[in-house]
Number of protein chains: 2
Amino acid sequence: MKPKAVTIKDVAAAANVSRATAARALNGYGYVGGEAAERVRRVARELGYRGNRIAQALRQGELPLVGFIPGDILNPFFSQIAHDLDMALRGSRHNLLIAASQEDPAQERQVIDSLRALAVRGLIIAPASSDRNPQLEEMHREGYPMVLIDRVPEGLDCDQITVDNRKGARGAVEYLIRQGHRRIALIHDDSRIGTARDRLAGYREALEAHGLPADESLIIESPSTVSHAIDATIRLFRRQNPPTALFTVDSLITQGAMLAFRSLGLSMPHDVSLAGFDDFDMATFSDPQITVVSQPIKKIGPLAVEMVMARIQGSRAPARHVQFPTQLTIRGSVSRPRGS
Amino acid sequence: MKPKAVTIKDVAAAANVSRATAARALNGYGYVGGEAAERVRRVARELGYRGNRIAQALRQGELPLVGFIPGDILNPFFSQIAHDLDMALRGSRHNLLIAASQEDPAQERQVIDSLRALAVRGLIIAPASSDRNPQLEEMHREGYPMVLIDRVPEGLDCDQITVDNRKGARGAVEYLIRQGHRRIALIHDDSRIGTARDRLAGYREALEAHGLPADESLIIESPSTVSHAIDATIRLFRRQNPPTALFTVDSLITQGAMLAFRSLGLSMPHDVSLAGFDDFDMATFSDPQITVVSQPIKKIGPLAVEMVMARIQGSRAPARHVQFPTQLTIRGSVSRPRGS
DNA sequence: CGTCAGTCTGAGACCGGTCTCACATCGGGC
DNA sequence: GCCCGATGTGAGACCGGTCTCAGACTGACG
């Protein structure tokens with residue numbers, strides 16, 4: 001019931017010095033006699049003294065904690081980032097507190113409050129919504145260390161790491177066009193999240209740049225889950241005069257499309273071509289492997305830590321906006337359309 | 001630079017009461033005059049008072065934090081559990097601190113120390129090794145709230161949640177035997193981790209129970225990565241007289257085997273049958289889908305939280321050992337061997 | 001030998017809360 | 001009118017550290 005932790009007072013008493021001296025010996029600052037210091041350290045070891053970061057934090061202001069608020073850790077994108085953050089923070093002797101927003105702005109608000117009450121030194125957030133966010137705006141105004149990743153709410157000029165979604169999508173769609181496709185469908189989710197929006201914009205740009213009519217009936221909205229994507233794909237390809245290629249805006253939708261093609265008996269890339277945004281493991285396990293727009297995901301975590309630590313250390317530099325380019329990873333799921 | 005947080009002293013002064021009264025009003029304990037309480041609450045709201053959990057924690061002992069030490073968050077098994085822990089802890093108003101051990105006992109030790117220094121109230125650990133672990137043993141002796149998941153070091157009798165690896169593996173191998181297979185290979189990793197060991201034991205048991213000779217040349221050791229597993233599988237099936245079926249002890253190895261079969265031109269289940277331990281997304285995306293031994297993974301997180309919270313609340317009940325049964329999920333990757 | 005800088009040390013304030021205790025006030029019952 | 005319990009309040013201890021300050025001691029230098 002009582003782990004009765006060893007306090008510095010115990011150590012000091014056992015070593016026959018004052019708390020102040022014990023603290024000096026243990027933390028190595030100020031003047032301490034060599035012999036006394038030695039004695040204190042030995043006693044501390046014997047007693048199994050293990051400092052109390054809470055007390056330290058109270059005095060010094062904050063705990064060596066950084067919070068991470070992903071949409072959902074289950075998403076491999078975020079678990080990769082969580083992993084990288086964990087690793088990178090260890091280098092700065094900080095720990096990582098993770099609390100998912102479940103892509104729900106209300107929950108996000110609450111989670112942010114609860115992390116701030118813990119006096120977390122900084123926050124790395126993937127905002128659940130791209131609407132204006134007064135809470136984040138105020139934190140930014142206060143100079144609270146925070147870094148936005150993946151998505152950015154409107155009107156918030158703080159450190160951020162994003163990816164060029166528009167250009168990435170445009171590149172993929174142009175690639176399809178260059179392969180000869182003219183009827184290219186798109187499945188996207190209507191989330192509040194800006195990334196999907198930008199990817200849709202890139203799609204439209206590509207069509208326009210090549211003088212192709214944007215056939216709105218080829219643009220389908222579907223929740224970002226595998227099963228919804230299956231339904232959407234099936235509806236799309238059961239029509240008469242179906243598209244010859246499909247672009248999907250995230251990996252879950254891409255997976256849904258793959259399954260739908262299989263159940264429709266359409267084989268890639270012979271009957272239909274597929275390109276998706278976001279690389280994912282399965283994309284290389286399927287046959288054929290899937291052509292995707294990939295993000296430099298492994299760079300995001302380390303960079304986010306670097307940014308947030310700089311703020312924690314007091315940097316007042318203007319907000320950094322890093323936008324990574326994407327890369328089109330060409331695999332086997334795209335070919336020229338039949339009969340062209 | 002200075003967020004100059006509002007303290008209870010500020011609130012008390014502004015409301016013209018003592019700190020004690022302010023605290024009583026804000027936390028609703030003891031006697032407080034209705035009018036005074038009202039005033040304090042209003043002032044607190046106006047000033048944007050936001051308690052300081054660190055100070056509270058110092059007085060009361062601990063922060064509302066629970067630590068989770070997985071082998072590696074990138075592993076979908078652990079990210080599922082992390083997600084479930086996060087959700088479940090929210091119900092108990094606790095936050096989740098995640099620090100991976102990278103499956104390295106030294107790192108694990110260090111991570112445990114650093115979490116304990118943060119006065120985390122309890123720990124949920126997937127130990128990196130099944131060797132005796134003096135550190136965990138001592139914590140257990142002290143009555144520190146902790147729950148072991150997935151793996152258990154020798155000689156540590158504390159709350160734990162595992163899966164019946166032996167029986168699960170045995171069931172899968174017996175299923176292969178019942179389908180008529182006689183030459184069944186196994187690929188496992190030699191990790192310090194007990195789970196792989198138990199699965200190997202289950203394999204041997206199954207063979208023995210059916211009077212099949214254990215051909216040691218069919219038991220291959222390979223690090224648990226996709227690429228090593230590919231090599232191991234290729235070596236195994238390039239022999240003359242190759243096995244007719246393969247059992248793999250974890251999902252990474254299973255994936256390696258799938259890829260190896262593809263590159264060897266062996267088609268499942270016609271040329272070779274495959275069963276693996278652990279379900280994983282790709283198992284249902286491949287063609288054919290893979291027969292696996294699946295764990296009730298979604299039950300682990302919530303149960304772990306229930307257990308650790310019970311300890312945190314002071315339960316001195318004897319250690320609970322929960323062992324979930326596994327389930328053989330039969331899909332399309334197994335058939336009768338050719339020519340039988 | 002006095003002085004002074006350089007060492008070492010302990011007392012005690014402080015961080016921001018919680019909580020115990022003693023005191024003041026009030027109304028009701030006798 | 002007095003006594004008593006119930007209420008409301010503030011002073012101050014306390015949690016476990018950190019850190020400032022002043023005092024004691026040392027040795028070297030003039």
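So that the names make sense, note that chain A is the first sequence line, chain B the second, and so on, each numbered from 1. All heavy atoms count here, side chains included; hydrogens, waters and symmetry mates do not.
- Atom C1' of nucleotide D:dG16 and atom CG of A:N52 are separated by 6 Å, given to the nearest angstrom.
- Comparing C:dC15, D:dT7, C:dT18 against the side chain of B:Y31 picks out D:dT7 as the nearest.
- Side-chain proximity of B:A23 to D:dT18, C:dT18, C:dC15: nearest is C:dT18.
- Taking atom CG of residue A:N16 and atom P of nucleotide C:dT9, one finds them 12 Å apart after rounding to whole Å.
- Atoms CD (A:Q56) and C1' (D:dC19) sit 13 Å apart, rounded to a whole Å.
- Under a cut-off of 6.0 angstrom, the local environment of CZ in A:R53 is sparse, with at most 12 non-hydrogen atoms contributed by other residues, nucleotides or ligands.
- Among the protein residues, B:L58 comes within range of the nucleic acid bases, having at least one heavy atom under 4.0 Å from a base atom.
- A donor and an acceptor atom never sit less than 3.5 Å apart when one is taken from the side chain of B:R19 and the other from the base of D:dG10.
- Note: CG (A:L26) to C1' (D:dG17) measures 11 Å, nearest angstrom.
- Phosphate proximity of D:dG17 to A:Y49: present, with a side-chain N or O under 4.0 Å from OP1 or OP2.
- Look at CZ on B:R59: it is 8 Å from C1' on D:dA13, rounded to the nearest Å.
- Residue B:V17 has its side chain nearest to D:dG10 when only C:dT18, C:dC8, D:dG10 are considered.
- B:A36 comes within 4.0 angstrom of sugar-phosphate atoms only, judged by non-hydrogen atoms across all strands, and of no base.
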Applying side-chain contact (heavy atoms from CB on, under 4.5 Å), run through A:F77 and A:Q295 and close with a yes or a no.
CA-CA 10 Å; A:F77 175 79; A:Q295 315 188 24; 3.6 Å; yes
Evaluation steps, side-chain contact (heavy atoms from CB on, under 4.5 Å), between B:Y144 and B:R116
CA-CA 10 Å; B:Y144 188 81; B:R116 292 202 66 195; 3.3 Å; yes
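- Rounding to whole angstrom units, CD1 of residue B:I54 and P of C:dG17 are separated by 11 Å.
- Contact detail for A:V305 and A:S92: the closest heavy-atom pair is CG1-OG, 4.4 Å.
- Between B:I149 and B:I124, the closest side-chain pair of non-hydrogen atoms falls below 4.5 Å.
- Counting only heavy atoms from C-beta on, A:T21 has its side chain closest to C:dT9 among C:dG12, D:dC15, C:dT9.
- Among the heavy atoms of the strands lying under 4.0 Å from B:R24 is at least one base atom, whether or not backbone atoms are also near.
- To the nearest angstrom, C1' of C:dT20 lies 10 Å from OH of B:Y29.
- For B:L63 and C:dG16, the CG to C1' distance is 14 Å, given to the nearest whole Å.
- DNA chain D is contacted by both B:A55 and B:S18; B:S18 maps to the nucleotide lying nearer its 5′ end (nearest heavy atom per residue).
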